[in-house]
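Some notes on the structure that comes next.
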Number of protein chains: 2
Amino acid sequence: MFRLSRAAEYAIRGVAYLADNNSGDAIESEKIAKAEGVPAAYLAKLFQALAKKGFVRSVRGPEGGFTLAMSPERISLLDIIEAVEGPIYLNDCLIRAGHCQRETICPVHDVWRGAQEKLLDYLRGSTFADLVASGRVKLMRARRRSCAK
Amino acid sequence: MFRLSRAAEYAIRGVAYLADNNSGDAIESEKIAKAEGVPAAYLAKLFQALAKKGFVRSVRGPEGGFTLAMSPERISLLDIIEAVEGPIYLNDCLIRAGHCQRETICPVHDVWRGAQEKLLDYLRGSTFADLVASGRVKLMRARRRSCAK
DNA sequence: CTAAATAGGACTCCTTTTATCCTAAATCAA
DNA sequence: TTGATTTAGGATAAAAGGAGTCCTATTTAG
C-alpha cells in the first residue's frame with residue numbers, strides 16, 4: 001500500500017532516541033521502547049538488525065544495552081529503513097538492472113526510476129543529527145507555548 | 001514494504017494502453033489485458049474503480065469496452081495510483097492533520113511530510129501524455145537497434 | 001431475443017507484517 | 001562461582017493485506 005512499515009518507524013524512533021541521548025552509556029532496549037511507546041520485544045529484535053549492520057553497538061549483561069556506533073550525522077533515515085526492511089524498490093522492475101524484460105520499451109519504467117531516486121535522495125539526505133536538532137527546536141517551541149498559556 | 005501494488009501497476013499499464021490507442025472506439029478490457037500481459041478479470045475490476053473516478057468511460061454490451069474519459073495530459077500517474085489504492089500516505093501519522101498526537105514534538109513527522117511531497121509532486125507531474133510520447137521514442141529506438149543487427 | 005460486454009459482490013489463497021516467547025550466550029558484581 | 005541482567009537468535013502464531021477468481025446482475029447492439 002505504499003507505506004512505511006511499523007518496523008522501520010519503530011527503528012527510526014529508537015535510533016532517534018539514542019541520538020538524542022548520546023552520552024556514551026548503553027541504554028536498555030526496554031527503556032527506549034517505553035520512552036518511545038513501542039513494543040519492547042519487537043524493538044529489541046529490530047535493534048539486532050541495526051547492530052548487525054553496524055549502526056548501533058550492543059552491550060550484553062548488566063548495565064548493558066545499545067549505543068550509537070557512529071555519529072548521528074553519518075546515519076540517514078534511509079540507512080535505518082533499509083537495515084530493517086531491506087533495499088527499497090518502488091516497483092519490482094527496479095530490483096536490479098535487467099530484471100525487467102520490458103525495460104527497453106516500457107515507458108513507465110523510467111518514471112519509477114525517477115520517483116524512486118527522488119524519494120531515496122531525500123531520505124538519504126536526512127540524518128539523525130538533523131532530526132535531533134529539529135526535535136530540540138520543536139520541544140522548545142512546545143514549552144514556550146505551554147508557558148504562555 | 002514501501003512498494004507499489006500490482007493493482008496500481010496493472011491499472012497504469014491499462015490506462016497507458018488506452019492513451020496510446022485513443023481512437024475514440026471502446027476497447028474491451030480483455031484485449032487490453034492480453035496486450036499488457038496482466039490478469040484479465042483483475043484488470044476489469046480495476047477499471048471499474050477508474051470508471052467510478054471518471055478517468056475512463058465504460059461502454060457495456062457488444063462493441064463495448066473502455067475509453068479514456070479525458071485527454072492523456074490531464075491524467076497523472078498519481079491519479080491512477082490513488083484511484084486504485086486510495087490516497088497515498090508514506091506514514092500513518094500523515095493521514096490527516098491532527099491525526100498524530102506527536103505532531104508538534106516529533107521531528108520525524110516533518111521528514112515524512114517532506115518525503116511524501118517530493119514523491120507525490122513527481123507522480124503528479126507525470127502524465128499519460130508524457131508516457132505515450134516517451135513510449136513511442138523508446139519503441140523507435142528499439143526498432144532501429146533490432147534492424148541494425 | 002440473444003450474445004457480448006461491464007458492474008458488483010463474495011470468496012479464496014497466499015504472503016507479509018507484527019508481534020510474542022523461549023533458550024542460549026555474554027557480562028558484571030558479589 | 002553463582003546469580004542477575006541484558007542481548008542474540010530462532011520458532012511460532014495471529015492478523016492484515018494483496019492478488020486473483022468466479023458468479024450473478026445489468027446494459028446494450030444487432
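Values below: every heavy atom of this structure, side chains too, minus hydrogens, waters and symmetry copies. As the structure is a prediction and not an experimental result, all values here were calculated from the model. Proteins get letters first, then strands, A, B, ... in listed order; numbering begins at 1 in each.
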*Could you tell me the separation between the CG atom of L46(A) and the C1' atom of dT18(C), rounded to a whole number of Å?*
10 Å

*What parts of residues 15-36 of chain A reach DNA chain D, counting only heavy atoms under 4.0 Å away?*
E28(A), S29(A)

*Let me know the distance between CG of L43(A) and C1' of dG9(D), rounded to the nearest Å.*
16 Å

*5'-most by nearest nucleotide on DNA chain D - F2(A) or V59(A)*: V59(A)

*Which pairs count as ring-ring contact (aromatic ring centres under 6.0 Å, His included) when at least one residue sits in residues 114-147 of chain A, sequence neighbours excluded?*
none

*Between L50(B) (CG) and dA7(C) (C1'), how many Å, whole number?*
14 Å

*Take atom CD in E30(A); do more than 12 heavy atoms of anything else shown fall under 6.0 Å from it?*
no

_Whole-Å gap separating C1' (dG18(D)) and CD1 (I81(B))_ = 16 Å

*asked:* Closest approach to the side chain of R60(B), judged atom by atom: which nucleotide of dT28(D), dA4(D), dT21(D) is it?
replied: dT28(D)

*Give the nucleotide from the list dA7(C), dT21(D), dT18(C) with an atom nearest to the side chain of Q48(B).*
dA7(C)

*Starting at CD of E63(B) and ending at C1' of dT27(D), how long is that distance when rounded to a whole Å?*
15 Å

*First encountered from the 5' end of DNA chain C, between A8(A) and F47(B)*: F47(B)

*Look at the side chain of F66(B) and decide which nucleotide, out of dT20(C), dA19(D), dT6(C), has an atom nearest to it.*
dT6(C)

*At under 4.0 Å, does any side-chain N or O of Y10(B) touch on OP1 or OP2 of dA19(D)?*
no

*Could you tell me whether the phosphate oxygens of dA8(D), OP1 or OP2, come under 4.0 Å of any side-chain nitrogen or oxygen in S58(A)?*
yes

*Taking atom CD of E73(B) as the centre, does the number of heavy atoms from other residues, nucleotides or ligands within less than 6.0 Å exceed 12?*
yes

*Please indicate whether K118(B) has more than 12 foreign heavy atoms, meaning atoms of other residues, nucleotides or ligands, lying under 6.0 Å from its NZ.*
no

*Atom pair distance, as rounded to whole Å: NZ in K53(B) and C1' in dG8(C)*: 17 Å

*Does R6(B) put a side-chain nitrogen or oxygen below 4.0 Å from OP1 or OP2 of dG20(D)?*
yes

*Run the numbers on L43(A) and Y17(A) for side chain to side chain contact (heavy atoms under 4.5 Å, CB included), then give the verdict.*
CA-CA 12 Å; L43(A) 184 67; Y17(A) 184 91; over 6 Å; no

_Atom-pair distance (CD on E9(B); P on dG18(D)), nearest Å_ = 15 Å

*Scan L18(A), I27(A), V15(A) and name whichever one has a side chain to side chain contact (heavy atoms under 4.5 Å, CB included) with F66(A).*
L18(A)

*Between dG9(D), dT26(D), dT27(C), which nucleotide has the shortest distance from any of its atoms to the side chain of K45(A)?*
dG9(D)

*Output yes when at least one side-chain N/O atom of Y42(B) is less than 4.0 Å from OP1 or OP2 of dC22(D), else no.*
no

*Which heavy atom of Q116(B) sits nearest a heavy atom of Y89(B), and at what distance?*
OE1-CA, 3.4 Å

